[in-house]
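Written below as structure tokens is the structure these notes are about.
Any value given below was found using the heavy atoms of this structure, including those in side chains, with hydrogens, waters and symmetry copies removed. Since we're looking at a predicted model, the values are computed, not measured. Counting convention: from 1, in listed order, for ligands and their atoms alike.
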Amino acid sequence: MSLEFELPMVCMLFMLMLLIVYFSKEKVKLVENKFFEVILICSMGETVINTITHFLAAIYDFETFNSVFYPSINFFNKIMSILFATIFGCLLCYTLSISYKKFKEKNSLLKISLGVFVVLYSIAAFFTDVTLKKVGYVTTSEGSTLFLSYGVVSVLILANFIITLINYKKLDRRYMVMLYILISIVFFAVISINFPGFIITDLLLVSICYIMFFTIENPDVKMIEQVSLARDNAEKANRAKTDFLSNMSHEIRTPLNAIVGFSECILTEDSLQKAKEDAQDIVMASQNLLEIVNGILDISKIEADKMEIIDVTYNLKKELTELYKLISPRIGEKPIEMKATFAPDIPEYLYGDIGKIKQIVTNILTNAIKYTEKGYITACVNCVNQGNECTLIISVEDTGRGIKPEKIDKIFDKFERLEEDRNTTLEGTGLGLAITKRLAQMLGGKVVCQSKYGEGSKFTIYLKQEITNYHKPEVANTEEETTSVNIEGKKVLVVDDNRINLKVAVRLLEGFKLNIEESESGYDCLQKIKEGHNYDLILMDDMMPGISGTETFHELQKRKVYIPVVALTANAIEGMREKYLEEGFIDYLSKPIDKRELERILYKVLGTKQETKFPTLNDLYNIDIPLQKNDKKE
Ligand code: ADP
């Protein structure tokens, strides 16, 4: 037996079997699989061409074969050379994709590079030549085509070898098989150089494909791997949720402890002064609790992609000055000087989401106050104006405890709080900066932190905003104008299905010496109107069973009862105010009720002359109360 074509043929059959098995299996889609698939297909092509050409060489004598088949053999040799280079190019891409995360994620870069390489190689290959010669019984080839092929493939194998060695520690042990493959390639090369009559290339390709299939590229094993990876991820997500809950439980319980504890104290307290002090602490703890709840809502909204951008025209200097005024009392007794500067070229009116900008600045400024014991906090606003675009550069610098350089990236992660042991007296959830970073990203900007441990930190926010000339006419400062107005004795109806909430609202209103009435449902409210009660203002909870606040409000309007109605709701997500104002409510008050906000609304609505219109007796007679939803129609 000459072994002219038998070996390539056996290799071809083995390749065919492997191809059928591999492609008939269900596979997970991974970057490296694609490269393995190309290796398989090219190896199949290689063995087919080798088998055919050597079969022809076996049945014809060398002279005839050389003269008759030379042009096609020359062509097929070039094709084989391209396939060969593609196989080793793919093998290199395979190693790169399993070694480097960036290639795994951005596989298009590898694919494009491979494509370019194959095209360039093909062009080079067609300028080369091949000559046939007889070595023993076997016809082999030599010439520049082979020279090019061996040269390029050697470089690819060397690069592959180096990358595998560099990533030796990082790679999964199973992938060490790549080293074995690379070493066996060198072994096969040595044999084929020394025994050119031994057609060994196909054997090499088949063995590479089989070794890879049985070790690192088995679709079944990969599927199991992916399933267990998915399970691990699910478990991790579940653990994160549990951690989140236990973290939250701790954070929420801390202010709750103060609220419950001080409330108990008030119950048994005889001294009014002490009771007031306890109540003050309750208010502070409640505000802290509210901040935590808002933080959780924000982060979950951001993660669920539900956070909306609400652009408005605003005056930055005015908005931030007000914000600083609100935040600076948090410094309390600490010897900290707070300075604020605004660059003179900040445009008067900008267009963007000032709500979120304020939230970002609040988070950074409150942190500066929280983590600084003495010294100064400086808030500077600078800008770069180009055309109608303004890049705001807002920086907050403190002389606080600072952050270790290796921890700076971590502080923007969720629930990441540094030096927990030093933080025991400082409230916080570790959500503030995570929210800040994502809000800044949502607005197309970024937050940068520079810090020297033990000396202080500087947080800088970069945001692009639109410069605008348009501005809404300033609404007269109703607060100043109306607080002097007497609202005593005005009739206010509070509608809320929750007795405790009703009581809270009534208690808060009592301080204004109003004439207050209560209603526990929308139906009851409508009934009261039908009975002829008139009000100067209605505070209406929205989410009530049966008929909601909004529905009740519309029922009133349908019956031409135009009493100013303020929506009262615990649904405090962004955009709610706009929604209620659009519905026709005169204002919006979120729960827990902020006393100052309540005061503002009362003076705004009751202190100015509102267009209230009450139905005539005849109209009243015609008011029909909608059937309660659980009532049967008769
Ligand atoms: P927290 O609710 O704990 O304040 P943040 O996400 O706002 O959560 O901040 C994360 C961590 O970053 C804080 O726990 C703190 O360790 C650190 N940090 C934030 N701002 C400062 C600052 N100005 N100075 C020092 N450390 C800070």
May I ask whether [X] places a heavy atom under 4.0 Å from ligand 1?
{"X": "D398", "value": "yes"}
{"X": "F412", "value": "no"}
{"X": "G400", "value": "no"}

Which of the numbered atoms in ligand 1 are below 4.0 angstrom from a heavy atom of [X]?
{"X": "S457", "result": "22 (C), 24 (N), 25 (C)"}
{"X": "K370", "result": "1 (P), 2 (O), 4 (O)"}
{"X": "G432", "result": "5 (P), 6 (O), 7 (O)"}

With heavy atoms only and a cut-off of under 4.0 Å, state how I403 meets ligand 1: side chain, backbone, both or neither.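 Contact part for I403 vs ligand 1: side chain (C-beta onward).
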Is there a donor-acceptor pair closer than 3.5 Å between any side-chain N or O of K29 and the backbone N or O of K34?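 The answer is no, because no donor-acceptor pair under 3.5 Å joins these two groups.
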Between [X] and [Y], is there a side-chain N and carboxylate O pair less than 4.0 Å apart?
{"X": "E277", "Y": "K274", "result": "no"}
{"X": "R577", "Y": "E597", "result": "yes"}
{"X": "E510", "Y": "R507", "result": "yes"}
{"X": "E322", "Y": "K358", "result": "no"}

Side chains of I403 and Y371: does their closest heavy-atom pair fall under 4.5 Å?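 In short, these two side chains do not touch, never coming nearer than 4.5 Å.
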Which one of T372, I336, T378 satisfies the side-chain contact (heavy atoms from CB on, under 4.5 Å) criterion with T399? T372
R401 to ligand 1: N or O pair under 3.5 Å? no
Contact (N/O only, under 3.5 Å) between A434 and ligand 1: no
